[in-house]
Colleague: 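Please see the structure below; I have some questions.
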Amino acid sequence: QVQLVESGGGLVQAGGSLRLSCAASGLTFSTFAMGWFRQAPGKERELVAVINPSGSTTNYADSVKGRFTISRDNAKNMVALQMNSLNSEDTAVYYCNVLGLTSDNSYYPLGSWGQGTQVTVSS
């Protein structure tokens, strides 16, 4: 079974930064794309950042582009999300997951959801 454990969330003021980490086990980590998702209360879970297996390519939702950076360390089976210039709309529970691709080249989560890590941005 794939195990994904997120950490690093907390309470920050608008304009501040946080770095989230995801520790993965139970998979051949370096062969899978990874992603960070977030879900705010009353809203759908959304994919905000993607990184390919080697770490050479990343993609971001427009809402976080230029502010968030996803990275991975395959030797440590870790994925990180550096979040800068945070605002209140970034408040959500953040999750990582293993990603698959549909025939239309859309990413979807392959694993079960972990407990996530809460990010709260105060104004």
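Positions are given from 1, in the same order as the sequence printed here.
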Colleague: Can you confirm whether more than 12 heavy atoms, excluding those of Gln118, are under 6.0 Å from its CD atom?
Modeller: yes

Colleague: Rounded at 0.5 Å granularity, tell me how far CG in Leu20 sits from SG in Cys96.
Modeller: 9.5 Å

Colleague: Give a yes or no answer on whether the side chain of Asp90 reaches the backbone of Val119 with a donor-acceptor pair at less than 3.5 Å.
Modeller: no

Colleague: Rounded at 0.5 Å granularity, tell me how far CG in Leu47 sits from CG in Asn59.
Modeller: 9.0 Å

Colleague: Is the shortest side-chain heavy-atom distance between Met78 and Ser21 below 4.5 Å?
Modeller: yes

Colleague: Quick one: does Thr58's side chain have a donor or acceptor within less than 3.5 Å of a partner on Val50's backbone?
Modeller: no

Colleague: In Å and rounded to the nearest 0.5 Å, what is the CG to OG distance from Leu86 to Ser123?
Modeller: 13.0 Å

Colleague: Say you draw a straight line from CD of Gln3 to OG of Ser112; how long is it, rounded to the nearest 0.5 Å?
Modeller: 8.5 Å

Colleague: Give the minimum heavy-atom separation between Ala33 and Pro53, together with the two atoms involved.
Modeller: N-CG, 3.7 Å

Colleague: Using a 4.5 Å cut-off on heavy atoms from C-beta on, say whether the side chain of Val79 contacts that of Trp36.
Modeller: yes

Colleague: Do any N or O atoms from the side chain of Arg72 and from the backbone of Phe29 form a donor-acceptor pair under 3.5 angstrom?
Modeller: yes

Colleague: Out of curiosity, Leu101 CG to Leu110 CG, how far, rounded to the nearest 0.5 Å?
Modeller: 9.0 Å

Colleague: Check whether Tyr95 forms a cation-pi arrangement with Arg38 (NZ or CZ under 6.0 Å from the six-membered ring centre, at most 45° off the ring normal).
Modeller: no

Colleague: Please check if the side chain of Thr91 supplies one atom and the backbone of Thr120 the other of a donor-acceptor pair under 3.5 Å.
Modeller: no

Colleague: Would a single hydrophobic cluster contain both Tyr107 and Ile51, if residues Ile, Leu, Val, Met, Phe, Trp and Tyr are joined by side-chain heavy-atom contacts under 4.5 Å?
Modeller: no

Colleague: For Tyr94 and Glu6, indicate whether the former's side chain and the latter's backbone hold a donor-acceptor pair under 3.5 Å.
Modeller: no

Colleague: Membership question, hydrophobic clusters at under 4.5 Å side-chain separation (ILVMFWY): are Leu18 and Val64 in the same one?
Modeller: yes

Colleague: For the pair Asn87 (side chain) and Glu89 (backbone), establish whether a donor and an acceptor sit closer than 3.5 Å, ignoring hydrogens and angles.
Modeller: yes

Colleague: Ignoring hydrogens and geometry, is there a side-chain-to-backbone donor-acceptor pair from Asn97 to Gly111 under 3.5 Å?
Modeller: yes

Colleague: Between the main-chain N or O of Ser85 and the side-chain N or O of Arg67, is there a donor-acceptor pair closer than 3.5 Å?
Modeller: yes

Colleague: Within the 4.5 Å heavy-atom criterion, are Leu81 and Arg19 side-chain neighbours or not?
Modeller: no

Colleague: Using modelled atom types and a 3.5 Å cut-off, is there a donor and acceptor pairing between side-chain atoms of Asn52 and backbone atoms of Thr57?
Modeller: yes

Colleague: Please name the pair of heavy atoms, one in Cys22 and one in Leu4, separated by the smallest distance, quoted to 0.1 Å.
Modeller: SG-CD2, 4.0 Å

Colleague: For Tyr108, run the side-chain contact (heavy atoms from CB on, under 4.5 Å) check against Val98, Leu99, Thr102 and tell me which one passes.
Modeller: Thr102

Colleague: Let's go through Phe37 and Trp113 carefully: what are the C-alpha distance in whole Å and the side-chain angles of both, what is the deciding distance for ring-ring contact (aromatic ring centres under 6.0 Å, His included) to 0.1 Å, and is it a yes or a no?
Modeller: CA-CA 10 Å; Phe37 298 76; Trp113 298 108; 5.0 Å; yes

Colleague: Flag the pair Leu27 / Phe32 as yes when at least one side-chain heavy-atom distance between them is below 4.5 Å, and no otherwise.
Modeller: yes

Colleague: Sequence neighbours left out, what passes side chain to side chain donor-acceptor pair (under 3.5 Å) with Ser122? Give chain and number order.
Modeller: none

